[in-house]
Number of protein chains: 2
Amino acid sequence: MKLTSKGRYAVMALVDLARFDNINPVSLRDISLRQGISLDYLEQIFSKLKKNEIVKSIRGTQGGYVLNKKPNDIKLTNIFHAVDEKVKTVQCKKESKKGCNGKATKCITHNLWDELETHINTFFENKSLKDLLNNNKETRI
Amino acid sequence: MKLTSKGRYAVMALVDLARFDNINPVSLRDISLRQGISLDYLEQIFSKLKKNEIVKSIRGTQGGYVLNKKPNDIKLTNIFHAVDEKVKTVQCKKESKKGCNGKATKCITHNLWDELETHINTFFENKSLKDLLNNNKETRI
DNA sequence: CTAAACTTGACTATTTTAGTCAGGTATATA
DNA sequence: TATATACCTGACTAAAATAGTCAAGTTTAG
Ligand code: FES
Ligand code: FES
């Protein structure tokens, strides 16, 4: 049970972005350098963040990315969903009545994993980008 | 972020075991059949559960496994620890002062992942096998 | 015009997972 | 005591997921 780099990097990059975005668009190159994340990989991630309307892009020289919403309105849930980082603890399809073993009923631990999934998702729903900014927001470049 | 089969199977098998173990030792073959888990894989898992004193084994015909503690004293934490299913959300080594990017300080999201780790572990610490048995404990074979 | 920076899609090495396979050893029971 | 049952151990491996890389663009400020 571990978090993938994609989800971790997405959040890391967005926090970095949020710290500077009140001034100028932030280039991925800068984020890459500051956070030590591969530029090519960041591009994949931001492509998804853009599709999900979490960031906006500005092309050309001096371009970069800007947040598309207020930090307070960007929950971890949104970020994770955007980059396909999903919490999956049950093995079966939830909608189906069948169990994870192919049997006709849910397995004896189904409810447990379902509870766990809810437990984790609650955490993600209650955390926003703003919560991660605290008092280390930059006011100048 | 997903649970591996090893952890899932371990809990599933132990719940199955707990439901019958007040009568006779339970053979892995039976668990395998009832829960649809590969016998060879179960053997790997139970080897670890035994090393961690969660179950006891009885060899020979009519042999099998029995719980080594009361269901109430077997927390999910214990089970997961036994089979090396660990919750890993931070990327860095916790003890070290270095960050996950190799830099001298912790990354800007370190505290977040650490909180998440605690959040999940709390769930595991508060759930015991007994909680999973409810009222579907078997009284006869 | 040119360099900075976004855009897109295909490709791949590495690691992890989820097992399988092949040989054991111990013991209850007939 | 013979035998079948069931635990025990370690090595091996196919498949999937991960964490990227690579290549070839397009857009736009200066
Ligand atoms: S996890 Fe849903 S049936 Fe097993
Ligand atoms: S997760 Fe600990 S430093 Fe990044």
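Each chain gets a letter, A, B and so on, in the order the sequences are listed, and its residues count up from 1.
The distance from atom CG of A:Leu39 to atom C1' of C:dA4 is 12 Å, rounded to the nearest whole Å. Separating the CG atom of A:Asn101 from the P atom of C:dG19 is a distance of 12 Å, rounded to the nearest angstrom. The distance from atom CG of A:Leu3 to atom C1' of D:dT18 is 13 Å, rounded to the nearest whole Å. Going from atom CG of B:Leu33 over to atom P of D:dA6 covers 10 Å, rounded to whole Å. Between A:Tyr9 atom OH and D:dA19 atom P there is a gap of 8 Å when expressed in whole angstrom units. With rounding to whole Å, B:Gln62 atom CD is found 11 Å from D:dC7 atom P. To the nearest angstrom, P of C:dA28 lies 13 Å from CG of B:Asn24. For the pair B:Lys6 NZ and C:dT20 P, the interatomic distance rounds to 13 Å; values are reported in whole Å.
Residues from residues 85-92 of chain A that place a heavy atom under 4.0 Å from any atom of DNA chain D: there are none.
OP1 or OP2 of C:dT17 has not a single side-chain nitrogen or oxygen of B:Tyr41 nearer than 4.0 Å. For D:dT21, one of the phosphate oxygens OP1 or OP2 lies less than 4.0 angstrom from a side-chain nitrogen or oxygen of A:Ser38.
Residue-environment remark: NE2 (A:His81) stays at or below the threshold of 12 foreign heavy atoms within 6.0 Å. When the shell of 6.0 Å around NZ of B:Lys98 is examined, it contains 12 or fewer heavy atoms from other residues, nucleotides or ligands.
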Without placing hydrogens or testing angles, list every side-chain donor-acceptor pair under 3.5 Å for residues 52-71 of chain A, not counting sequence neighbours.
| residue | atom | partner | partner atom | Å |
| --- | --- | --- | --- | --- |
| A:Asn52 | ND2 | A:Lys48 | O | 2.9 |
| A:Ser57 | OG | A:Lys50 | NZ | 3.2 |
| A:Asn68 | ND2 | A:Glu53 | O | 3.1 |

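Applying the salt bridge (Lys or Arg N to Asp or Glu O under 4.0 Å) test to A:Arg8 and every residue at least two apart in sequence or in another chain returns nothing. Partners of A:Asn121 according to the side chain to side chain contact (heavy atoms under 4.5 Å, CB included) rule, which considers only residues two or more places apart in sequence or in another chain, are A:Val87, A:Glu117, A:Phe124, A:Glu125.
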Expected rows: protein N/O vs nucleotides 14-16 of chain C N/O, under 3.5 Å:
none

So which protein nitrogen or oxygen atoms get under 3.5 Å of nucleotides 7-9 of chain C's nitrogens or oxygens?
| residue | atom | partner | partner atom | Å |
| --- | --- | --- | --- | --- |
| C:dT7 | OP1 | A:Lys50 | NZ | 2.5 |
| C:dT7 | OP1 | A:Ser57 | OG | 2.8 |
| C:dT7 | OP2 | A:Tyr65 | OH | 2.6 |

Stepwise side chain to side chain contact (heavy atoms under 4.5 Å, CB included) test for B:Phe20 and B:Arg34: CA-CA 12 Å; B:Phe20 292 94; B:Arg34 277 196 293 262; 3.6 Å; yes
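Across all non-hydrogen atoms, the minimal contact from B:Asp114 to B:Val90 is N-CG1, 3.7 Å.
With rounding to the nearest 0.5 angstrom, the SG atom of A:Cys100 is 13.5 Å from the NZ atom of A:Lys93. Rounding to the nearest 0.5 Å places CG of B:Leu14 at 14.5 Å from OH of B:Tyr9.
A:Leu39 and A:Val26 end up in the same hydrophobic cluster when Ile, Leu, Val, Met, Phe, Trp and Tyr side chains are linked at under 4.5 Å.
B:Lys130 has no carboxylate O lying under 4.0 Å from a charged side-chain N of B:Asp73, or vice versa, which leaves the two without a salt bridge.
Among the protein residues, B:Val26 comes within range of the sugar-phosphate backbone only, with heavy atoms under 4.0 Å from sugar or phosphate atoms but none that close to a base.
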